[in-house]
Amino acid sequence: MMKLVFPDGDRPQLLLEQRVYRLGSAPDADVALQAEGVEPLHCELQVGAHGVQVRVPAGRRVLVNERPVDGLIALRAGDTLGVAGRRIRLVDAAGEPACEGAGLRENAGRDATMVRPVLPKFALRGLSGDHFGHSFPLQASLTVGRAVEAGLRIPLESVSRLHARLTPAGDEVLVEDLGSANGTWLNGKRITRAQAVHGDEIRFDTQRFQLLAPGLPVRAQAGKAPAANRWPWLAVALLVLAGLGYAVAG
């Protein structure tokens, strides 16, 4: 289990549970940071069974071990986040370094681990609209919507500001509609909360995506047989029609 330590001593340590923590200047942020240059949602800490990642939206300045990062970055015990001059340290709740300075000096020498991109277990591939052909990694909880702070932003009026949330869980992804006006759909059925697997189609209003697990073959979508399997049935249908035509002519 991990916790956040604030070396400035202005707030107590924060024990991390498996969920998403919002850092920023918004009043409802989990870690409120009131300083010049801090956005309402400046970054997120995504805590899961396999560790902690920080998600930095485009245009936000966040340092990990004194180096600027963006996107989704894996963290480990001893790493330090820097936001607008504030330092936040991630430590193992079972035992942190006895000397903070020593821990920071050790981190400073770990150039190879300053930035550790997370390999995604799932990805969303766009099947329509401006996102067609683009893939979006799904390492941890991902919010989809029209809002700027959404992890996957779809800037269309038909898409709600915070439309849906996708959360990987083992070999499945939990898909949750967040009260959208035009709905979230899984394989053609409108859902409020459902489990999706590799190959499923997920739709936010009219915007279609396919859930993929890298390295696995893409299966045919529900209700659509592969083309190779349809040809024998087509041949049989043509023979039957030809036989009826011959009978009528006779």
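Interatomic distance, CD of Gln18 versus OG1 of Thr167, reported as 11.5 Å (0.5 Å rounding). Note that NE2 of His163 is 15.0 Å distant from CZ of Arg153, once rounded to the nearest 0.5 Å. With values rounded to the nearest 0.5 angstrom, Gln210 atom CD is found 5.0 Å from Arg125 atom CZ. Distance check, rounded to the nearest 0.5 Å: CG of Leu178 to CZ of Phe204 gives 10.0 Å. Note: Glu176 CD to Arg193 CZ = 4.5 Å, rounded to the nearest 0.5 Å. Gln207 CD to His131 NE2: the interatomic distance, rounded to the nearest 0.5 Å, is 7.0 Å.
By the rule that hydrophobic residues join a cluster once side-chain heavy atoms approach within less than 4.5 Å of another member, Val54 and Phe6 end up as members of one cluster. A continuous path of Ile, Leu, Val, Met, Phe, Trp and Tyr side chains, each step under 4.5 Å between heavy atoms, connects Leu16 with Val31, placing both in one hydrophobic cluster. Residues Leu174 and Trp185 do not share a hydrophobic cluster, clusters being chains of Ile/Leu/Val/Met/Phe/Trp/Tyr side chains in contact below 4.5 Å. If you chain together hydrophobic residues whose side chains sit under 4.5 Å apart, Leu4 and Val38 fall into the same group. Hydrophobic clustering of Ile, Leu, Val, Met, Phe, Trp and Tyr side chains at less than 4.5 Å, counting indirect connections, keeps Leu41 apart from Leu152.
Residues His42 and Arg61 come closest through the heavy atom pair NE2-O, 2.9 Å. The heavy-atom pair separating Arg11 from Leu33 by the smallest distance is NH2-CD2, 4.2 Å. For the residue pair Val69 and Val56, the shortest heavy atom distance occurs at O-CG1, 3.8 Å. Scanning all heavy atoms of the two residues, the minimum distance from Ser141 to Pro168 falls at N-CD, 4.1 Å. Between Val197 and Leu211, the shortest heavy-atom contact is O-CD2, 3.5 Å. Closest non-hydrogen pair, Ala147 versus Leu162, comes out as CB-CD2, 4.3 Å.
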Original post:
Between Asp30 and Arg19, is a side-chain contact (heavy atoms from CB on, under 4.5 Å) present by the stated rule, with each step listed?
Top reply: CA-CA 11 Å; Asp30 298 290; Arg19 66 180 184 89; 3.4 Å; yes
Evaluate the side-chain contact (heavy atoms from CB on, under 4.5 Å) criterion for residues Arg146 and Glu157: first the C-alpha distance (whole Å), next the side-chain angles of each, then the deciding distance (0.1 Å), finally the verdict. CA-CA 7 Å; Arg146 192 178 72 247; Glu157 288 300 320; 4.2 Å; yes
Asp205 vs Leu156, side-chain contact (heavy atoms from CB on, under 4.5 Å): CA-CA, chis, key distance, verdict: CA-CA 10 Å; Asp205 185 38; Leu156 298 175; over 6 Å; no
Kindly determine whether Leu23 and Ile88 satisfy side-chain contact (heavy atoms from CB on, under 4.5 Å), including the steps that lead there.
CA-CA 11 Å; Leu23 284 70; Ile88 306 171; 3.9 Å; yes
Q: Would you sort out whether Arg161 and Glu149 count as a salt bridge (Lys or Arg N to Asp or Glu O under 4.0 Å), showing the intermediate values?
A: CA-CA 9 Å; Arg161 293 190 71 259; Glu149 62 266 27; 3.5 Å; yes
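For Arg22 (side chain) and Pro40 (main-chain N/O), no donor-acceptor pair under 3.5 Å exists by modelled atom type. The backbone N or O of Ala164 sits nowhere less than 3.5 Å from a side-chain atom of Asp177 that would complete a donor-acceptor pair. Judged by distance alone, with hydrogens and angles left aside, the side-chain atoms of Ser128 form a donor-acceptor pair with the main-chain N or O of Arg208 at under 3.5 Å. Checked by atom type and distance alone, the side chain of Asp92 never pairs as donor or acceptor with a backbone atom of Ala77 at under 3.5 Å.
Leu212 is listed as a side-chain neighbour of His198, based on a closest heavy-atom distance under 4.5 Å. Inter-residue side-chain proximity for Val64 and Leu81 is flagged as met; some heavy-atom pair is nearer than 4.5 Å. Residues Leu166 and Ile202 meet the side-chain proximity criterion, which asks for heavy atoms closer than 4.5 Å.
When Ile154, Asp200, Val144, Leu127 are each tested for a side chain to side chain contact (heavy atoms under 4.5 Å, CB included) with Phe209, only one passes: Ile154. For the side chain to side chain contact (heavy atoms under 4.5 Å, CB included) with Leu45, the qualifying choice from Leu14, Leu90, Leu75 is Leu75, the only one to do so.
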